Asks: 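There's a structure below that I have some questions on.
Residue numbers start from 1 in every chain, and the chains themselves are labelled A, B, ... in the order their sequence lines are given, proteins ahead of strands. What you see is a predicted model, and the numbers here were worked out from it, not measured in a lab. Only heavy atoms go into these numbers, but all of them, side chains included; no hydrogens, no water, no symmetry mates.
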Number of protein chains: 2
Amino acid sequence: MKTLRVPEATVTRLSIYSRYLERLDRNGVTTVSSGEIAEGVGVSPAQVRKDLAYFGEFGTRGVGYNVKDLMRYTKKILGLDHNWPLILVGAGNLGYALCTYKGFNSRGFKIVGVFDNDLTKIGKRINELEVLPMEKMPDVIKEHGVKIGIVATPNRAAQEVATYMVKNGIQAVLNFAPLPLNLPEHIEVRNVDLSVKLEILTFNLGFKSAQNV
Amino acid sequence: MKTLRVPEATVTRLSIYSRYLERLDRNGVTTVSSGEIAEGVGVSPAQVRKDLAYFGEFGTRGVGYNVKDLMRYTKKILGLDHNWPLILVGAGNLGYALCTYKGFNSRGFKIVGVFDNDLTKIGKRINELEVLPMEKMPDVIKEHGVKIGIVATPNRAAQEVATYMVKNGIQAVLNFAPLPLNLPEHIEVRNVDLSVKLEILTFNLGFKSAQNV
DNA sequence: CCTAGCATGTGAATTTTATAACTTAAACCG
DNA sequence: CGGTTTAAGTTATAAAATTCACATGCTAGG
């Protein structure tokens, strides 16, 4: 088996293709071409084919791709052929929003534990979950075999929380705190920075008005 | 004036450097080297210097960068030398979380209008803002000179909402709905997709365990 | 059964981005 | 005051990602 390194941009797009295919499938579309996918998600057709080529041949020449099949393949590639239990730390507004976010469930993610160290939050319910104290985390991780943790705490707590997660067996961290986490090499970390994209917008707006002078 | 095209990756990193510099400044650090910034945010020192070189010379050879100055320069470049009024549509849990998110305020963003078409939400208060019906949007945009809109609605409403924003003068859209928006060429759109990063994690976890077989 | 048309898959070319190596300038020390 | 050290800025090199262009192979129609 040749193990070509897959660019992260390709994985990102694959995730987007995958969701787009789900939408097509729901709308009853059975066949789709690279050009239509490209059009639908805003990339070039060649890009779509190149991205898929990292993982195999999924289409039929002269015809296109079977929507259901390609949807399944992409989900399989992304590891979404089974459910993923998640834990989340930080039962603030963001944590609450993430717990109730439909987009996670529909892709096979399920938050099985919510934690906080704030006594006023512990014991409250979010959906059918009760906010637990941090000490309960090890048990929850073991019970559900959780590998992925979400950090949705204030900045000051983020590093400590992430370290504690890893100490208890978490292998990958999705971090919403806008600061870099210092974790062991083998831990996968990705940051979701809510204001970076906003600052790209302001940069571009400024750039445009500069050009119009 | 030479107008070199700036890679979006550079702008993204600039935003991250900028926030890191704010943190250093709060901690009383006055001088910093490209190597220290690199270390702090997880890139290479050459990358930091190259990124800054797109915009000018900000350091002193043999010494480094003045933290306060570089912080101001980076904010200026990103267009953050003044405040930005924002509007937000979708007063659900995510919308609520974004309205109360400190990270926006601290970078000069201020949500000045929240809208929804759900009668049970209209009239409710989020901080000092009242959730308004969509029809009030044009007035709010004009009154505050709003250029940027945030879409935090369910998927089915996202396109319509974005189109309505643009019709009323919005020039840039931050979209939290995980589907591509179809808007005029001249409108800046960036998507924040909460589950893409999660799927990168699951991809990588799967890839790792495949290697261990 | 053969031909025309179409869309995939892929290798090559191009463009873009990142890294590395080098040059320049400031500051400090003897 | 000159030499040494340090780190920015810059040029050159390498790597990576994207686009292009074409050959391949499937389907449908006559």
Side-chain angles (χ1 to χ4, degrees), chain A residues 2-17 20-21 24 29-71 73-74 77 196 200 203-204 207, chain B residues 2-18 20-21 24 29-74 77 196 200 203:
Chain A
K2 67 171 174 185
T3 308
L4 211 53
R5 209 192 126 274
V6 180
E8 181 147 327
T10 290
V11 181
T12 300
R13 285 188 297 262
L14 206 68
S15 167
I16 293 166
Y17 303 156
Y20 183 67
L21 289 163
L24 291 179
V29 180
T30 57
T31 305
V32 70
S33 70
S34 60
E36 290 166 319
I37 298 174
E39 168 77 24
V41 306
V43 302
S44 73
Q47 184 83 80
V48 173
R49 296 199 298 274
K50 242 312 162 38
D51 285 336
L52 294 174
Y54 278 101
F55 306 101
E57 303 186 7
F58 306 107
T60 308
R61 300 182 186 202
V63 179
Y65 304 91
N66 178 288
V67 171
K68 258 194 195 343
D69 288 348
L70 188 56
M71 181 186 79
Y73 282 128
T74 53
I77 293 163
V196 161
I200 292 173
F203 174 83
N204 286 335
F207 196 71
Chain B
K2 67 172 174 183
T3 305
L4 210 55
R5 208 194 126 271
V6 180
E8 180 146 327
T10 290
V11 182
T12 299
R13 286 189 296 263
L14 207 67
S15 167
I16 293 167
Y17 303 156
S18 184
Y20 183 67
L21 289 163
L24 291 179
V29 181
T30 56
T31 305
V32 70
S33 70
S34 61
E36 290 166 320
I37 297 175
E39 168 78 22
V41 306
V43 300
S44 73
Q47 184 82 80
V48 173
R49 296 199 298 274
K50 203 67 190 290
D51 285 335
L52 294 173
Y54 279 100
F55 306 100
E57 302 186 8
F58 307 106
T60 309
R61 300 183 186 202
V63 179
Y65 302 91
N66 178 287
V67 171
K68 258 195 197 341
D69 288 349
L70 189 57
M71 182 186 79
R72 276 198 212 103
Y73 282 127
T74 52
I77 292 163
V196 162
I200 292 173
F203 173 83

Asks: Taking CG from A:L52 and P from C:dT8, how many angstroms apart are they, rounded to a whole number?
Replies: 9 Å
Asks: Calculate the interatomic distance between A:N66 atom CG and C:dA7 atom P; express it in whole Å.
Replies: 16 Å
Asks: Is any side-chain N or O of B:R61 closer than 4.0 Å to OP1 or OP2 of D:dT10?
Replies: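 For D:dT10, OP1/OP2 do not have a side-chain N/O of B:R61 under 4.0 Å.
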Asks: Send over the distance from A:E36 CD to C:dT8 C1', rounded to a whole Å.
Replies: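 A:E36 atom CD is separated from C:dT8 atom C1' by 13 Å.
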Asks: In this structure, which one of A:S33, A:S34, A:S44 forms a side-chain hydrogen bond (donor to acceptor under 3.5 Å, both in side chains) with A:R49?
Replies: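 So the option named by the test is A:S34.
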Asks: Check whether any side-chain N or O of A:Q47 sits under 4.0 Å from OP1 or OP2 of D:dT19, and answer yes or no.
Replies: yes
Asks: Taking all non-hydrogen atoms of both residues, which atom of B:I37 and which atom of B:L21 are closest, and how far apart?
Replies: CD1-CD2, 4.3 Å
Asks: Between C:dA20, D:dA7, D:dA23, which nucleotide gets closest to the side-chain atoms of B:A46?
Replies: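 For B:A46, the side-chain atoms sit closest to C:dA20.
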Asks: Given that B:S44 and A:A53 both sit by DNA chain C, which one's nearest nucleotide is further toward the 5' end?
Replies: A:A53
Asks: Specify the separation, in whole Å, of atom CZ of B:R49 and atom P of C:dA21.
Replies: 12 Å
Asks: What I want to check is whether an N or O donor and acceptor connect the side chain of B:K50 with the base of D:dT10 at under 3.5 Å.
Replies: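 Side chain to base: no pair below 3.5 Å.
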Asks: Around atom CZ of A:F203, are there more than 12 heavy atoms of other residues, nucleotides or ligands at under 6.0 Å?
Replies: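 Atom CZ in A:F203 is packed in, count exceeds 12.
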Asks: Among C:dA7, D:dT10, C:dG11, which is the nearest nucleotide to the side chain of B:E57?
Replies: D:dT10
Asks: Roughly how far apart are A:I16 CD1 and A:T74 OG1, rounded to 0.5 Å?
Replies: 12.0 Å
Asks: Taking OP1 and OP2 of C:dA7, is either one under 4.0 Å from a side-chain nitrogen or oxygen of A:S33?
Replies: no
Asks: Roughly how many Å is it from CZ in A:F58 to C1' in C:dT8, rounded to a whole number?
Replies: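 Rounding to the nearest Å, CZ of A:F58 and C1' of C:dT8 are 13 Å apart.
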Asks: Is the phosphate of D:dT18 approached by A:R13 (side-chain N or O, under 4.0 Å from OP1 or OP2)?
Replies: yes
Asks: Across the strands shown, which category fits A:S34 at heavy-atom distances under 4.0 angstrom: base, sugar-phosphate, nothing?
Replies: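 Sugar-phosphate: the residue A:S34, judged by heavy atoms under 4.0 Å, touches backbone atoms but no base.
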Asks: Between C:dT8 atom P and A:Y54 atom OH, what is the distance in whole Å?
Replies: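 A:Y54 atom OH is separated from C:dT8 atom P by 18 Å.
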Asks: Both A:E8 and A:V63 contact DNA chain D. Taking the nearest nucleotide for each, which residue is further toward the 5' end?
Replies: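 Result: A:E8.
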Asks: Is there a side-chain polar atom (N or O) of B:R5 under 4.0 Å from OP1 or OP2 of C:dT17?
Replies: yes
Asks: Starting the side chain at C-beta, find the nucleotide from C:dG9, C:dA21, D:dT27 nearest to A:Y65.
Replies: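 Of the candidates, C:dG9 comes closest.
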Asks: In whole angstroms, how far is the P atom of C:dT16 from the CG atom of B:D51?
Replies: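 Distance check: B:D51 CG to C:dT16 P gives 17 Å.
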Asks: Can you tell me if A:E36 has over 12 outside heavy atoms packed within less than 6.0 Å of its CD?
Replies: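 Counting neighbours around CD of A:E36, more than 12 heavy atoms of other residues, nucleotides or ligands fall under 6.0 Å, so yes.
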